[in-house]
2 protein chains.
Amino acid sequence: MDLSDRKKKILQAIIDEYIGTAEPVGSRAISKKESLGLSSATIRNEMADLEEMGYLIQPHTSAGRVPSDAGYRFYVNSLMQRYQLGVEAISRLQEALEDKVVQLESMIKRAGALTSALTDYTTFVTTPGRVSKIKKIDLVPLGYSSVMLIVVTLAVRSRVINADITAEQCDEIASILNKHLAEHSADEISFAKIEEIQHEIEAKTDLSVQLLINILHFVYETINSMNESDIYINNAKSILQYPEYSDLDKARELFNFLEDKENLKLLASAEDEEGVKAKIGKENGLDILNDCSLVTVNYALGDRKAGKLGVIGPKRMNYAKVFASLDVISKEIDKILKYYL
Amino acid sequence: MDLSDRKKKILQAIIDEYIGTAEPVGSRAISKKESLGLSSATIRNEMADLEEMGYLIQPHTSAGRVPSDAGYRFYVNSLMQRYQLGVEAISRLQEALEDKVVQLESMIKRAGALTSALTDYTTFVTTPGRVSKIKKIDLVPLGYSSVMLIVVTLAVRSRVINADITAEQCDEIASILNKHLAEHSADEISFAKIEEIQHEIEAKTDLSVQLLINILHFVYETINSMNESDIYINNAKSILQYPEYSDLDKARELFNFLEDKENLKLLASAEDEEGVKAKIGKENGLDILNDCSLVTVNYALGDRKAGKLGVIGPKRMNYAKVFASLDVISKEIDKILKYYL
DNA sequence: TATTAGCACTCGATTAAATTGAGTGCTAAT
DNA sequence: ATTAGCACTCAATTTAATCGAGTGCTAATA
C-alpha cells in the first residue's frame with residue numbers, strides 16, 4: 001500500500017499547489033514543474049492512481065484534482081516540508097511575549113493574538129484552569145460604602161462589594177483571610193473552610209453577620225471563578241478571507257459557531273497529546289468543520305498541561321507554517337511559565 | 001419649506017417600511033396601508049414631490065424609493081415614534097449591570113455587550129480615561145524573584161515585575177508609595193513626584209538603586225496607563241447580517257475598519273453633547289461609513305463626561321429602538337457610577 | 001381642484017440558451 | 001514505460017430573451 005517515490009512527489013506538488021491557489025489542480029500545471037520532468041499524460045495516469053487510492057478527489061469529470069482528507073493527512077504526516085521561522089521572527093515573538101508580561105492571562109491572550117498575526121488564521125487560546133496558589137487577598141475601601149475585593153494568584157481578580165465597613169475592619173478581615181488562605185491553591189478551598197473563617201472573624205470583630213456572610217460569599221465565588229479556564233478567540237474575521245467561505249451563509253454559520261465559547265471549549269477539550277497536532281476536515285467530527293482543519297498544541301504550567309493554543313483554518317491551510325508557529329509559540333509560553341512557577 | 005401633514009405621514013410610512021425590508025418601497029405598498037386611504041397614484045405624486053425635496057431617492061427609473069440621508073435625518077428629528085423599552089427589559093438590564101458589578105471596566109464592557117444584545121447591531125464603548133483617585137498600591141511577592149504590582153482605583157491594574165526582593169521590602173515600598181500616592185488622581189502624578197519617592201525609599205531601605213528605579217518605572221507606567229481610555233467593540237459580526245453588506249468585499253472592508261481601535265477612537269472622539277445623537281451616512285464624514293449610521297451617547301462619571309457608548313449599523317437601522325436602548329443604558333451607567341463616586 | 005383609474009414605458013432581475021475552455025481518459029505511437 | 005494526440009465532459013462565462021415591479025403621464029371622476 002506504499003506510494004512510489006514519484007507518486008509522493010506528485011501528491012506533494014498537487015497539495016502545495018492547491019494550498020496556494022484553492023483551485024483544483026490539473027495535470028498540466030504539475031507537468032510544467034521543472035523538478036519532475038514528466039508529461040501531463042503521465043501525471044494524469046498517476047493522478048488517476050492517487051485518486052483510486054483515496055488521496056485525491058475530482059470535483060467533477062472535467063476538473064483538476066483536489067486533495068482529500070486522507071491526502072492532507074498523508075501530507076501532514078509524511079510529505080510536508082519543515083518550515084523554519086526566521087531567527088528575527090522568533091526573537092520578535094520572544095520579545096512580544098516577555099517584554100510586557102503584565103499578567104498571566106494577558107500573556108496568554110497575547111500569545112493567541114501573535115499566533116493569529118503570524119499565520120493569518122483564526123486562533124484560540126484557553127487560559128489555565130486551576131491556577132497557582134493564592135498569594136494575597138486584599139480589601140480596599142473605595143468610599144461610599146463599597147470595597148474592592150482583590151485576589152492575587154498568578155492572575156489578579158477583583159470585584160466591587162457594597163459593604164459599609166471601615167478601613168480598619170477591612171484590614172482585619174483581610175489579614176484573617178490571608179492567614180487561612182494564602183499559599184493554598186484555589187481548588188483546595190472548600191465552602192466549609194470559608195465558614196470556619198467566618199466564625200473566627202465573627203468572634204474578632206463587631207461586623208453584622210449578614211454583611212460578613214455576604215463578603216465571604218464574594219470571596220468564595222471569586223476564588224472559585226479563578227479555577228475556571230476561559231477561552232479567547234482571535235481574528236475570526238480571517239475566515240472571510242478564504243475563498244472556501246465566499247458563501248456568506250457558510251461564513252456566517254461558522255462565525256456564529258466560533259462565537260459561542262461553549263463550542264470552542266468543545267474543540268479545545270481534545271486529548272492532551274504532546275506536540276502540535278492537526279485534525280483535518282471530518283476528523284473534527286463536526287459537520288460545520290468539514291472544510292476546516294484544526295491545529296492545536298498544549299502548553300504547560302510547571303509539569304502539567306495547562307491550556308491549549310489552536311489554529312482554525314481552511315483544510316488547505318499552510319500546515320508547515322502553522323505547525324512551526326505553534327511549536328515555537330507554545331515553547332515560548334512554556335519557558336515563560338516555567339520561569340514564574 | 002415645511003412638509004404637509006400628509007407628506008410627513010407618507011415619508012414616515014416609507015421609511016418604516018424600508019427599515020423593515022431593505023427593499024425600495026413602491027407607491028402601491030404604501031397605498032395599501034389602511035391608515036392613509038390614498039390611491040397609489042396619489043402616493044406617487046407625493047413621492048415625486050418628496051424626491052424633489054431631497055428626502056427620497058430613486059435607485060433607478062423603475063424602482064421604488066429609498067430614503068436619502070436627509071430623509072433619515074428628518075425621520076430621526078421629527079417623525080420617529082418614541083419607543084419604550086418594556087419594564088421587564090429595563091429591570092433585566094439593571095440587574096445585568098448592577099448585580100455582578102465586578103469592576104468599572106468590566107461593567108462598561110458589559111454595557112456595550114448588553115446594548116448589542118438588545119439592538120443586534122455592532123456597538124462600541126470607551127472606558128473612562130483619567131479615572132478616579134488611586135486607592136491603594138500593593139506589591140505582592142510571587143516567589144521566584146518576581147512580584148506583582150497592583151494599583152487600585154475604581155479599576156484594578158496589575159503587572160508582574162521581575163525583582164528579587166523580600167516580602168518585608170515589598171511592604172515597606174508599598175507603604176511609602178501609598179503614603180504619597182493614595183487619594184491622588186492618576187493624572188496628578190508626575191515623574192518628578194516618583195523620583196522624590198525614590199529618594200525616600202532609597203534612604204529607608206537597602207535596595208539596589210537600579211532595582212528600585214526599575215520598580216518605580218513600572219509603577220509610573222502602570223498609573224499612567226490607567227489614564228488612557230480604551231475602546232471595545234461588540235458583535236462586529238452583525239454586519240454580515242444585513243443585506244446592505246451582502247457584498248463580501250464591502251463587509252470585509254468595514255470589518256477591517258472597525259477592527260482597528262484607532263479608527264474606532266476617531267469615531268468615538270466626537271463632541272460631548274447631551275443625550276443620544278445620530279450621525280447618518282455622509283454625516284460621518286468617512287467614505288467607508290457612507291452606508292452606516294452611528295448613534296452615540298455619553299455617560300458621565302460624577303459630573304464630567306467619562307466615556308461613550310455607540311451603535312454602528314446600516315442607515316436603515318431601527319433608530320427608535322436604538323435611541324431608547326442607548327438612553328436607558330447610559331442612564332443606568334450614570335446611576336451606577338454616581339453611586340460609586 | 002384634488003384624486004384616481006388606466007396605460008405605456010423603463011429597466012433591473014431572472015431565466016434560458018449558447019459558447020468557451022480547462023481538464024480528463026483513452027488509444028496508438030515511440 | 002512514456003507521451004502525443006484527440007474526442008469528450010461539464011462548470012463557468014457570456015449572451016439573449018423574458019418578466020414584472022414600479023413609474024410618469026393623461027384623462028376621467030368626485
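For the residue pair B:Ser293 / B:Tyr319, a side-chain donor-acceptor distance below 3.5 Å is found, with atom types taken as modelled.
The interatomic distance linking B:Asn45 (CG) with C:dA5 (C1') rounds to 13 Å, in whole Å.
The distance between the ring centers of B:Phe255 and A:Phe255 falls below 6.0 angstrom. Between B:Phe74 and B:Tyr55, the gap from one ring centroid to the other is short of 6.0 Å.
For a distance-only test at 3.5 Å, the side chain of A:Ser62 qualifies as a donor-acceptor partner of the base of D:dT9. Remark: the B:Arg44 side chain and the D:dG24 base include a donor-acceptor N/O pair separated by less than 3.5 Å. In this model, no side-chain donor or acceptor of A:Arg65 finds a partner on the base of C:dG25 within 3.5 Å.
Cation-pi check for A:Lys250 over A:Tyr245 is met; the charged atom lies under 6.0 angstrom from the ring centroid and within 45 degrees of its normal.
C:dT27 is paired with D:dA4 under the criterion used here, namely a Watson-Crick or G-U wobble arrangement in which both key atom distances are under 3.5 Å. Across all strands shown, D:dC19 is found opposite C:dG12 as a Watson-Crick or G-U wobble partner, with both distances under 3.5 Å. Pairing for C:dG21 is with D:dC10, a Watson-Crick or G-U wobble pair whose two hydrogen-bonding atom distances lie under 3.5 Å.
Contact between the side-chain N/O atoms of A:Arg28 and the OP1/OP2 oxygens of D:dT3 is not found at any separation under 4.0 Å. For the pair A:Ser39 and D:dT2, the criterion of a side-chain N or O lying under 4.0 Å from OP1 or OP2 is not met.
The nucleotide whose nearest atom lies closest to any side-chain atom of B:Met47 is, among C:dA5, D:dT9, D:dT23, D:dT23. When each of D:dA4, D:dC10, D:dT23 is scored by its nearest atom to the side-chain atoms of A:Thr61, the top-ranked nucleotide is D:dC10.
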